Structure formats: C-alpha cells, structure tokens
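Predicted model, so just to flag it, every value in this text is computed and none were measured.
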Amino acid sequence: MVKAYTQEHVYKHPWERVTSASWRKFADPENKRTLSHILEVDTLNRKLDTQSGRLYTTRALTIHAPGPWFVRKIIGQDICHCIESTVVDAQSKSMQLTTRNVSLQKFIEVEEKIRYDPHPDNPTAWTVCRQQTSIRIKPLSALASMAEKVEQRCAEKFMQNSVKGREVMERICKYLEAESRGIAL
C-alpha cells in the first residue's frame, strides 16, 4: 500500500527569492516553533559543477518520527533520519529537492520531491512549487490491517507540515523583499 499526494503552490515572489528562502527555511531560529518536527539539519556535501553551473547539495535531516504515537511506541523510535538531495540550476531557474528517510525503512518509506520553477504566467515575479510525496507503511504482521490507516495519518501530518513550511517560506520571502528594499522588519 502506498499513500501518495501532490500539492502545488504559487509564491508571488521571484524564483531567486523563493529559492533563497528555501535555503533559510530550517536555519532561521524564528521558524523553530513552526517547524518543530525538524530537530536538526546538517549539510553533508555541497558541490558546484563548473561545467553545467549546477549546485548539488546533500543535507541530513533529523525529524520527529511520523505517524501516530502508538506506532512510534511499537517501533521504539521517536526520531527519523532523512537525506535531502538538492540540485539548483541557475541557468534554467530550477531547484529540485528530493528527501527520503534512511532510518525506519523496515517500517516506513517516505519520499518527498519538491520543485521550484518560474511560474509560466508571470516568470519574473512568481514561482510555482510542485510537491509530490509518497508514504508506504510496510506491513507488520500484527498491524497489517492498520497499515492503510497509518499511511493516511502520516499523509495528513505531512500535509499539515507542508502548510507550515509554506508559511515559513512566505515569511522569509517577505523578509528578503523588505531587505532588498532597505526596509528593516
């Protein structure tokens, strides 16, 4: 069983500002309360390919384990480790992030893909964000009948966290906009 969903959001900010906000999303202490499920973010690797002009980054994320409390109790872990791989192509104005869990894989597999591109209707002022997430609970012999319900609860939590993430991105974009105009917030 796999629970998958797709979301699309339009930021009324240019691509450069939105992608800058994406890099700052986890670093800003003001966002720690909003994104309280994110415990730690560490950059593992950053490489600029001088031939293509693409930036490749790999980060490790430590998060509160998804799912209902009783599932966390059964698996015996409250945290989950994930790897986020990012490719930024400044020439084509594309930023792609793929995040996968690397722990708890015998219980759950989560993959999130986010892509930021200039909006086709207003490419210099707006950015479209497309997010695809898939969640697969691996059947546990005692919980096989509940796997679908657990996937649904996980999906609901991921969607709630996506809304929080967009709120943080909007706040950072407004801060960056004010900063570029020389206005202090």
Between E112 and Q132, is any side-chain donor less than 3.5 angstrom from a side-chain acceptor?
-> no
Those residues that, when tested against R115, pass salt bridge (charged side-chain N to carboxylate O under 4.0 Å, His left out) (two or more places apart) | D117
Interatomic spacing from CD1 in I114 to CD in Q131 - rounded to 0.5 Å = 4.5 Å
Return the minimal non-hydrogen interatomic distance between S52 and Q91, and the atom names on each side.
-> O-OE1, 3.7 Å
C80 vs H64 side-chain heavy atoms within contact, under 4.5 Å | no
According to the ring pair (Phe, Tyr, Trp, His ring centres under 6.0 Å) rule, which pairs have a member within residues 111-135, sequence neighbours left out?
-> H119-W126
Non-hydrogen side-chain atoms of I63 and L39 separated by less than 4.5 Å = no
How would you list, by chain and number, every residue that makes a side chain to side chain donor-acceptor pair (under 3.5 Å) with E156, sequence neighbours excluded?
-> Q152
Got a sec, which residues hit side chain to side chain donor-acceptor pair (under 3.5 Å) with E167, two or more places apart in sequence or on another chain?
-> none
Got a second to check how far N122's CG is from T127's OG1, nearest 0.5 Å?
-> 9.5 Å
Distance (rounded to the nearest 0.5 Å) between L61 CG and T99 OG1 | 6.0 Å
Spacing of OG belonging to S85 relative to CG belonging to N45, to within rounding of 0.5 Å = 9.5 Å
For the pair N101 (side chain) and I108 (backbone), establish whether a donor and an acceptor sit closer than 3.5 Å, ignoring hydrogens and angles.
-> yes
The complete set of salt bridge (Lys or Arg N to Asp or Glu O under 4.0 Å) pairs with one or both residues in residues 43-64, sequence neighbours excluded, reads R54-D89, R59-E84
Please report the C-alpha distance between T98 and I83 in whole Å, then the side-chain angles of each, then the deciding distance to 0.1 Å, and finally whether the side chain to side chain contact (heavy atoms under 4.5 Å, CB included) criterion is met.
-> CA-CA 8 Å; T98 301; I83 295 293; over 6 Å; no
P118 to P123 - nearest heavy-atom pair and separation = CB-O, 3.4 Å
Any side-chain heavy atom of R100 within less than 4.5 Å of one from C82?
-> no
Within-4.5 Å side-chain heavy-atom neighbours: T34 and R171 = yes
Between R166 and V163, is any pair of side-chain heavy atoms under 4.5 Å apart?
-> yes
Heavy-atom pair of closest approach, residues M169 and V18 = CE-O, 3.3 Å
For the atom pair CG (L55) and CH2 (W23), what is the distance rounded to the nearest 0.5 Å?
-> 5.5 Å
Nearest-0.5 Å distance that lies between atom OG1 in T86 and atom CG in L97 = 3.5 Å
Any chance you could lay out the side chain to side chain contact (heavy atoms under 4.5 Å, CB included) test for I79 and H81, step after step, and finish with the verdict?
-> CA-CA 7 Å; I79 62 169; H81 300 285; 3.7 Å; yes
Side chains of V128 and E8 in contact at under 4.5 Å (non-hydrogen atoms) = yes
Please tell me if the side chains of V87 and T57 come closer than 4.5 Å, counting only heavy atoms from C-beta onward.
-> no
Are there more than 12 heavy atoms of other residues, nucleotides or ligands under 6.0 Å from atom NZ of K113?
-> no
Are any of the side-chain heavy atoms of V88 and S94 separated by less than 4.5 Å?
-> no
Got a sec, which pairs hit side-chain hydrogen bond (donor to acceptor under 3.5 Å, both in side chains) with one end in residues 9-19, sequence neighbours left out?
-> H9-E170, H13-R17, H13-E170, E16-K93
